*Asks:* 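One structure coming up, written as C-alpha coordinates, with questions to follow.
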Amino acid sequence: MDRASKSLNSPQMRAMADPSRRRVLTTSCKALPLVLLAGTPAVAEAAAWEALRDGAIALFRHANAPGTGDPAGMRLGDCATQRNLDEAGRAQARRIGEAFRAQGVAVGIVLTSRWCRAMETADVAFPGLARAEPAFDSFFADRGEGPAYTARARRILLDWGGPGALVVATHQVNITALTGAVPSSGEGVVLRRGSGDLVVVGRVRP
(Lines give C-alpha, C1' and ligand atoms only; values in the text may rest on other atoms or scores of the structure.)
Protein backbone atom coordinates (compact mmCIF):
# COMPACT_ATOMS: atom_id res chain seq x y z
CA MET A 1 0.00 0.00 0.00
CA ASP A 2 1.44 3.39 -0.96
CA ARG A 3 1.74 6.33 1.44
CA ALA A 4 -1.36 8.09 0.06
CA SER A 5 -3.50 4.97 0.52
CA LYS A 6 -2.23 4.56 4.09
CA SER A 7 -3.11 8.17 4.83
CA LEU A 8 -6.59 7.78 3.39
CA ASN A 9 -7.24 4.66 5.46
CA SER A 10 -5.52 5.83 8.66
CA PRO A 11 -7.32 5.41 12.01
CA GLN A 12 -7.85 9.18 12.15
CA MET A 13 -9.56 9.25 8.76
CA ARG A 14 -11.72 6.23 9.60
CA ALA A 15 -12.72 7.80 12.92
CA MET A 16 -13.69 11.02 11.17
CA ALA A 17 -15.93 9.02 8.84
CA ASP A 18 -17.75 7.28 11.72
CA PRO A 19 -21.50 7.67 11.01
CA SER A 20 -22.14 7.70 14.78
CA ARG A 21 -20.77 11.24 14.91
CA ARG A 22 -24.06 12.64 13.73
CA ARG A 23 -25.60 15.87 14.94
CA VAL A 24 -29.27 16.41 14.16
CA LEU A 25 -30.11 20.08 13.81
CA THR A 26 -33.33 21.57 12.45
CA THR A 27 -34.06 24.98 11.03
CA SER A 28 -35.73 26.57 8.06
CA CYS A 29 -33.90 26.32 4.74
CA LYS A 30 -33.06 29.54 2.99
CA ALA A 31 -30.35 30.12 0.41
CA LEU A 32 -28.07 33.07 0.94
CA PRO A 33 -28.03 35.93 -1.54
CA LEU A 34 -24.70 36.16 -3.31
CA VAL A 35 -23.25 39.57 -2.53
CA LEU A 36 -21.22 41.07 -5.36
CA LEU A 37 -18.46 43.26 -3.99
CA ALA A 38 -17.29 46.37 -5.81
CA GLY A 39 -13.79 46.36 -7.25
CA THR A 40 -11.50 43.68 -8.58
CA PRO A 41 -11.33 40.03 -7.50
CA ALA A 42 -8.15 40.95 -5.61
CA VAL A 43 -10.09 43.53 -3.59
CA ALA A 44 -12.82 40.98 -2.82
CA GLU A 45 -10.21 38.41 -1.78
CA ALA A 46 -8.53 40.93 0.51
CA ALA A 47 -11.91 41.62 2.14
CA ALA A 48 -12.43 37.87 2.58
CA TRP A 49 -9.11 37.46 4.38
CA GLU A 50 -9.85 40.44 6.60
CA ALA A 51 -13.22 38.91 7.51
CA LEU A 52 -11.55 35.59 8.35
CA ARG A 53 -9.08 37.33 10.64
CA ASP A 54 -12.17 38.70 12.39
CA GLY A 55 -13.73 35.25 12.91
CA ALA A 56 -15.71 34.69 9.70
CA ILE A 57 -16.57 31.38 7.99
CA ALA A 58 -14.87 29.74 5.00
CA LEU A 59 -16.76 27.08 3.04
CA PHE A 60 -14.20 25.21 0.94
CA ARG A 61 -15.04 22.93 -1.91
CA HIS A 62 -12.76 19.91 -1.47
CA ALA A 63 -9.51 20.09 -3.41
CA ASN A 64 -9.03 18.51 -6.83
CA ALA A 65 -10.34 14.94 -7.06
CA PRO A 66 -10.63 13.72 -10.67
CA GLY A 67 -14.09 12.68 -11.82
CA THR A 68 -17.68 13.61 -11.05
CA GLY A 69 -20.00 12.31 -8.36
CA ASP A 70 -19.15 8.99 -6.74
CA PRO A 71 -18.34 5.54 -8.13
CA ALA A 72 -20.98 2.84 -7.94
CA GLY A 73 -20.70 1.05 -4.63
CA MET A 74 -19.21 4.04 -2.81
CA ARG A 75 -19.10 3.44 0.95
CA LEU A 76 -18.45 5.90 3.77
CA GLY A 77 -15.35 4.95 5.74
CA ASP A 78 -13.79 3.11 2.78
CA CYS A 79 -11.71 5.56 0.78
CA ALA A 80 -10.84 2.87 -1.77
CA THR A 81 -14.47 3.03 -3.01
CA GLN A 82 -14.48 6.81 -3.46
CA ARG A 83 -13.04 9.58 -5.59
CA ASN A 84 -9.94 10.87 -3.85
CA LEU A 85 -7.53 13.77 -4.13
CA ASP A 86 -4.78 13.50 -6.71
CA GLU A 87 -1.35 15.11 -6.24
CA ALA A 88 -2.68 18.41 -7.59
CA GLY A 89 -5.47 18.26 -5.00
CA ARG A 90 -3.05 17.57 -2.15
CA ALA A 91 -0.93 20.52 -3.31
CA GLN A 92 -4.07 22.70 -3.29
CA ALA A 93 -4.89 21.57 0.24
CA ARG A 94 -1.38 22.38 1.44
CA ARG A 95 -1.66 25.85 -0.11
CA ILE A 96 -4.94 26.45 1.72
CA GLY A 97 -3.27 25.84 5.08
CA GLU A 98 -0.21 27.87 4.09
CA ALA A 99 -2.40 30.80 3.04
CA PHE A 100 -4.24 30.84 6.38
CA ARG A 101 -0.94 30.92 8.23
CA ALA A 102 0.54 33.59 5.95
CA GLN A 103 -2.59 35.73 6.34
CA GLY A 104 -2.50 35.45 10.12
CA VAL A 105 -5.92 33.77 10.38
CA ALA A 106 -6.54 31.99 13.67
CA VAL A 107 -8.63 28.87 13.01
CA GLY A 108 -11.17 27.98 15.67
CA ILE A 109 -12.80 24.82 14.32
CA VAL A 110 -12.45 22.78 11.12
CA LEU A 111 -15.52 20.77 10.08
CA THR A 112 -15.65 18.37 7.17
CA SER A 113 -17.98 16.21 5.17
CA ARG A 114 -17.42 12.50 5.82
CA TRP A 115 -16.44 11.97 2.17
CA CYS A 116 -12.75 11.06 2.00
CA ARG A 117 -11.83 13.80 -0.47
CA ALA A 118 -13.23 16.45 1.86
CA MET A 119 -11.64 14.88 4.94
CA GLU A 120 -8.25 14.69 3.28
CA THR A 121 -8.51 18.32 2.14
CA ALA A 122 -9.17 19.40 5.72
CA ASP A 123 -6.55 17.11 7.22
CA VAL A 124 -3.78 18.19 4.85
CA ALA A 125 -4.60 21.89 5.19
CA PHE A 126 -5.14 21.85 8.97
CA PRO A 127 -3.49 18.73 10.43
CA GLY A 128 -5.11 17.40 13.58
CA LEU A 129 -7.96 19.96 13.66
CA ALA A 130 -10.67 18.47 11.45
CA ARG A 131 -13.75 16.66 12.69
CA ALA A 132 -16.59 15.16 10.71
CA GLU A 133 -19.97 16.91 10.53
CA PRO A 134 -22.64 15.01 8.55
CA ALA A 135 -24.58 18.23 7.83
CA PHE A 136 -21.89 18.98 5.22
CA ASP A 137 -22.00 15.55 3.52
CA SER A 138 -22.58 15.57 -0.24
CA PHE A 139 -26.15 15.24 -1.49
CA PHE A 140 -25.08 15.16 -5.15
CA ALA A 141 -26.55 11.67 -5.63
CA ASP A 142 -29.84 12.50 -3.86
CA ARG A 143 -30.87 16.09 -4.53
CA GLY A 144 -34.13 15.55 -2.68
CA GLU A 145 -32.12 15.50 0.55
CA GLY A 146 -30.57 18.87 -0.26
CA PRO A 147 -32.98 21.12 1.67
CA ALA A 148 -32.57 19.12 4.87
CA TYR A 149 -28.77 19.13 4.64
CA THR A 150 -28.77 22.84 3.82
CA ALA A 151 -31.01 23.67 6.78
CA ARG A 152 -28.78 21.80 9.23
CA ALA A 153 -25.61 23.31 7.77
CA ARG A 154 -27.07 26.82 7.84
CA ARG A 155 -27.97 26.47 11.52
CA ILE A 156 -24.38 25.51 12.33
CA LEU A 157 -23.05 28.51 10.41
CA LEU A 158 -25.46 30.93 12.07
CA ASP A 159 -24.49 29.60 15.49
CA TRP A 160 -20.78 30.25 14.90
CA GLY A 161 -19.36 32.94 17.16
CA GLY A 162 -15.67 32.10 17.35
CA PRO A 163 -13.12 32.42 18.68
CA GLY A 164 -11.21 32.27 15.42
CA ALA A 165 -12.48 31.40 11.96
CA LEU A 166 -14.74 28.45 11.16
CA VAL A 167 -13.43 26.41 8.23
CA VAL A 168 -15.61 23.83 6.46
CA ALA A 169 -14.48 21.34 3.80
CA THR A 170 -17.52 20.26 1.81
CA HIS A 171 -18.84 19.94 -1.76
CA GLN A 172 -19.93 22.18 -4.62
CA VAL A 173 -23.61 21.26 -4.33
CA ASN A 174 -23.64 22.12 -0.64
CA ILE A 175 -21.93 25.47 -1.11
CA THR A 176 -24.13 26.43 -4.04
CA ALA A 177 -27.28 25.59 -2.07
CA LEU A 178 -26.09 27.76 0.82
CA THR A 179 -24.70 30.73 -1.12
CA GLY A 180 -25.56 30.62 -4.83
CA ALA A 181 -21.82 30.53 -5.58
CA VAL A 182 -20.23 27.76 -7.69
CA PRO A 183 -16.65 27.44 -6.41
CA SER A 184 -13.82 25.67 -8.17
CA SER A 185 -12.00 22.75 -6.55
CA GLY A 186 -10.13 24.00 -3.50
CA GLU A 187 -11.81 27.42 -3.58
CA GLY A 188 -13.38 28.90 -0.46
CA VAL A 189 -16.47 31.11 -0.16
CA VAL A 190 -16.21 33.40 2.86
CA LEU A 191 -19.28 34.35 4.90
CA ARG A 192 -19.94 36.60 7.86
CA ARG A 193 -23.01 37.15 9.99
CA GLY A 194 -24.94 40.34 9.34
CA SER A 195 -28.29 41.46 10.74
CA GLY A 196 -29.15 37.94 11.87
CA ASP A 197 -28.30 36.33 8.55
CA LEU A 198 -25.22 35.29 6.58
CA VAL A 199 -23.58 37.43 3.90
CA VAL A 200 -21.05 36.36 1.28
CA VAL A 201 -17.94 38.53 1.63
CA GLY A 202 -15.72 37.12 -1.12
CA ARG A 203 -13.66 34.10 -2.11
CA VAL A 204 -10.19 32.76 -1.37
CA ARG A 205 -8.31 30.58 -3.83
CA PRO A 206 -5.67 27.88 -3.27
Side-chain angles (χ1 to χ4, degrees), residues 15-16 18 20-37 43-62 93 96-114 118-119 121-139 146-181 183 186-206:
M16 289 168 63
D18 185 351
S20 68
R21 296 190 178 191
R22 182 178 298 274
R23 293 171 57 190
V24 178
L25 301 172
T26 59
T27 186
S28 61
C29 177
K30 175 178 158 186
L32 298 175
L34 180 61
V35 176
L36 300 177
L37 299 180
V43 170
E45 186 161 347
W49 285 118
E50 181 61 30
L52 287 169
R53 284 190 288 271
D54 196 35
I57 300 161
L59 301 178
F60 278 95
R61 181 179 179 179
H62 61 77
I96 291 168
E98 290 165 359
F100 270 69
R101 291 186 287 274
Q103 290 287 338
V105 177
V107 176
I109 292 178
V110 179
L111 300 178
T112 175
S113 154
R114 294 177 296 167
M119 292 193 296
T121 298
D123 197 47
V124 170
F126 307 101
L129 297 183
R131 64 181 178 86
E133 173 46 70
F136 296 103
D137 286 355
S138 175
F139 53 84
Y149 277 91
T150 302
R152 293 197 298 269
R154 187 169 179 274
R155 183 70 264 158
I156 291 170
L157 302 181
L158 283 168
D159 284 346
W160 177 249
L166 171 60
V167 177
V168 179
T170 184
H171 306 264
Q172 176 265 310
V173 290
N174 302 68
I175 296 172
T176 301
L178 283 162
T179 70
E187 186 176 31
V189 177
V190 176
L191 313 175
R192 59 174 171 77
R193 289 193 302 180
S195 301
D197 210 334
L198 294 163
V199 177
V200 176
V201 179
R203 303 193 195 193
V204 293
R205 296 167 175 79

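A quick note: this is a predicted structure, and the numbers were derived from the prediction, not measured. Basis for what follows: all heavy atoms, side chains included, without hydrogens, waters or symmetry-related copies.
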*Asks:* How close do G104 and R53 get, heavy atom to heavy atom, and via which atoms?
*Replies:* O-CG, 3.8 Å

*Asks:* Between the side chains of E98 and R101, is the shortest nitrogen-to-carboxylate-oxygen separation below 4.0 Å, so that they form an ion pair?
*Replies:* no

*Asks:* Check the pair V110, R131 against side chain to side chain contact (heavy atoms under 4.5 Å, CB included), reporting the backbone distance first and the verdict last.
*Replies:* CA-CA 6 Å; V110 179; R131 64 181 178 86; over 6 Å; no

*Asks:* Find out whether L157 and L59 are in side-chain contact, i.e. whether some heavy atom of one side chain is under 4.5 Å from a heavy atom of the other.
*Replies:* yes

*Asks:* Between S138 and V173, what is the shortest heavy-atom contact and its length?
*Replies:* OG-CG2, 4.2 Å

*Asks:* Between L178 and V189, is there a side-chain heavy-atom distance shorter than 4.5 Å?
*Replies:* no

*Asks:* Can you name the nearest heavy-atom pair linking A169 to A118, along with the distance?
*Replies:* CB-O, 3.6 Å

*Asks:* Please report the interatomic distance OH(Y149) to OG1(T170), rounded to the nearest 0.5 Å.
*Replies:* 10.5 Å

*Asks:* Examine the side chains of S113 and H62 and answer whether a donor and an acceptor come within less than 3.5 Å of each other.
*Replies:* no

*Asks:* Do F136 and T112 make a side-chain contact, defined as non-hydrogen atoms from C-beta onward lying under 4.5 Å apart?
*Replies:* no

*Asks:* Could you pull out the closest heavy-atom pair between V190 and A51, with the gap in Å?
*Replies:* CG1-CB, 4.3 Å

*Asks:* Hey, could you give me the CZ/OG1 distance between R203 and T179, rounded to the nearest 0.5 Å?
*Replies:* 7.0 Å

*Asks:* Mind checking the CG-CZ spacing from D159 to R154? Nearest 0.5 Å is all I need.
*Replies:* 10.5 Å

*Asks:* CG/L111 to CG/L166 distance, rounded to the nearest 0.5 angstrom?
*Replies:* 5.5 Å

*Asks:* So do the side chains of Q103 and L52 get within less than 4.5 Å of each other, counting heavy atoms only?
*Replies:* no

*Asks:* State which residues pass ring pair (Phe, Tyr, Trp, His ring centres under 6.0 Å) with W49; sequence neighbours excluded, sorted by chain then number.
*Replies:* F100

*Asks:* Are side-chain heavy atoms of R61 and T176 found at a separation under 4.5 Å?
*Replies:* no

*Asks:* Write down the atom of F60, the atom of I175, and the distance for their closest heavy-atom approach.
*Replies:* C-CD1, 3.6 Å

*Asks:* Who passes salt bridge (Lys or Arg N to Asp or Glu O under 4.0 Å) against R193, sequence neighbours left out?
*Replies:* none

*Asks:* Which atom pair, heavy atoms only, marks the closest approach of A177 to F139?
*Replies:* CB-CZ, 4.0 Å

